[in-house]
Engineer: 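Input: one structure, supplied below.
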Number of protein chains: 2
Amino acid sequence: MDTHTSQDAFSPNTASTRLHRALRVRMCEGDFSPGDVISIRRVAAEYGTSAMPAREAIRWLVTEGALVFSDSRKIIVPELSRERFHEVLFARKSLETQVSRQAFTHITTDDIDELRRIDTEIDEAIEQSDLLGYMRGNYRFHFHIYRRSHSRVLLPIVESLWLQYGPSMRYICTRWGASTIADDYHREVTQALSRGDIEAFCHAIAADIEQGMQLLHQVE
Amino acid sequence: MDTHTSQDAFSPNTASTRLHRALRVRMCEGDFSPGDVISIRRVAAEYGTSAMPAREAIRWLVTEGALVFSDSRKIIVPELSRERFHEVLFARKSLETQVSRQAFTHITTDDIDELRRIDTEIDEAIEQSDLLGYMRGNYRFHFHIYRRSHSRVLLPIVESLWLQYGPSMRYICTRWGASTIADDYHREVTQALSRGDIEAFCHAIAADIEQGMQLLHQVE
DNA sequence: CCGCTGTTAATGTGATCACACATGTGTGAT
DNA sequence: ATCACACATGTGTGATCACATTAACAGCGG
């Protein structure tokens, strides 16, 4: 029905697609803030390529809604209205618990170990007030789980949600400090996985996202 | 939640966007068949531009799922499986009746006149076995209605459905003759509009799409 | 000190070229 | 006659350049 549910897009391994994926991850991890200007040449220079791949990657993100044209054809990271941010979080709660449920049976003990490792990295980042480190860890924690769902339909949709969510989340955290998001539910997630308790697991995921919604109310 | 519901994409009036829109319409009107190879240089030559705008327009359509990469990086019009085609028609029935309902109050007598005019063009096309003329008329008939809905959310989704639907519809019609689709419900649509009967109007729209589903069963 | 203005830097867009690869075709050897 | 190899063609990709537009900023006049 939309670009995500369309047949699996065979993506050739080109510089453009690599750059696109890289920028996608960076946006989810909160490397950018709303209003940031994304320049073709600057991105190209950052990744050591010519302007062409950067151009295509950026235009791709524009068609995905992850970036938008400003008034004067500059390309910027869009700002999420409070209402829209809430919508995204609501959709996240619904879809990501569903994805987690699908992923549950595929999660191995190795995965759990990896999740714990990521979680300790997150704790270190919080301790050092390293906001970007926290957001990067948070992204990797969640998507290490979600990728186990093997869903070619829901996963891209969830990714597109994070694409919109990342920059605004970073903005909020920089304004209000990472302390507000220190109490996540990652430990509950890993503990539920260790016990093999799927309901507690999904509940912890939902709680982790819900915590973001409470943060939103706390801010306004 | 997806690219369509993202904030209104401000599209600068560039050659790329013009080309993109043009190709979009042509796909909805059935100018292309599944499996057709869409070449950057050929499109550029057709529209008298350089390769760059064609390149961006085509890549745009690829990200929309309207075009796909073939095995060897050639860009082709995708083929819709029977199952998928049925899914699209089912979604069309649901969404387009909804869009029509929203459009109803905004349709003026001038619009009805225009719809009748398009319908006579369609009849002429059918009489001359002009398949492309029929499909072009059919597209314009439906979207003249849908555009009156002023929906920035549903309308792009419906367009993306037609984007997938167009080529396969053309393929089916060329194989089985335009005679199979001669009995549309356009007259019922305009008559219901004249009477101001919204229920009959929505019912006629649904019937028109349903007729396409019956065609599908007839074919297989 | 404020406001206007001309300049400068940076941006996206479009055009053109080189390259690697795939495909089809024709030609030559067997 | 058939098969294999080379060549020609067309493809997307990446690089580079020119151009118009725009934002920022320094400099000048009030």
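Reminder, nothing fancy here: chain letters follow the sequence lines and each chain counts from 1.
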Engineer: Could you state the interatomic distance from CZ (B:Arg136) to CG (B:Asn138), rounded to the nearest 0.5 Å?
Structural biologist: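 Output value for this atom pair is 12.0 Å.
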Engineer: Suppose we screen for ring-ring contact (aromatic ring centres under 6.0 Å, His included). Which residues come up paired with A:Tyr165, at least two apart in sequence or across chains?
Structural biologist: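 For A:Tyr165 the ring-ring contact (aromatic ring centres under 6.0 Å, His included) partners, ignoring immediate neighbours, are A:Phe85, A:Trp162.
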Engineer: What is the ring orientation for A:Phe141 with A:His186, classed by angle as parallel under 30°, tilted 30 to 60°, or perpendicular over 60°?
Structural biologist: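 A:Phe141 vs A:His186 ring planes: parallel.
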Engineer: Tell me, for nucleotides 7-14 of chain C in 5' to 3' order, what letter each nucleotide earns: B for a base near a protein heavy atom under 4.0 Å, S for only sugar-phosphate near one, - for neither?
Structural biologist: ----BBBB
Engineer: Without hydrogens or angle criteria, can the side chains of A:Asp111 and A:Thr108 be said to hold a donor-acceptor pair below 3.5 Å?
Structural biologist: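 Judged by distance alone, the side chains do pair up.
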Engineer: Hey, could you give me each pair passing salt bridge (Lys or Arg N to Asp or Glu O under 4.0 Å) that has a residue in residues 47-57 of chain B? Not counting sequence neighbours.
Structural biologist: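 Matches after skipping sequence neighbours: A:Arg55-B:Glu56, A:Glu56-B:Arg55, A:Arg59-B:Glu56.
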Engineer: Sequence neighbours left out, what passes ring-ring contact (aromatic ring centres under 6.0 Å, His included) with B:His150? Give chain and number order.
Structural biologist: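 For B:His150, the residues satisfying ring-ring contact (aromatic ring centres under 6.0 Å, His included) (neighbours in sequence not counted) are B:His106.
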Engineer: Strictly distance-based, threshold 3.5 Å: is any side-chain N or O of B:Thr17 a donor or acceptor partner for the main-chain N or O of B:Pro12?
Structural biologist: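 Flag set: sc B:Thr17 to bb B:Pro12 pair under 3.5 Å.
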Engineer: Could you state the atom-to-atom distance from CG of B:Asp71 to C1' of C:dT23 in whole Å?
Structural biologist: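 After rounding, the reported distance stands at 11 Å.
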Engineer: Can you run down the ring-ring contact (aromatic ring centres under 6.0 Å, His included) pairs that involve residues 34-54 of chain B, sequence neighbours left out, and say none if there aren't any?
Structural biologist: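 Matches after skipping sequence neighbours: none remain.
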Engineer: Give each stem of DNA chain C as a range with a range, requiring at least 3 consecutive Watson-Crick or G-U wobble pairs whose two distances are under 3.5 Å.
Structural biologist: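 Stem list for DNA chain C: C:1-30 with D:1-30.
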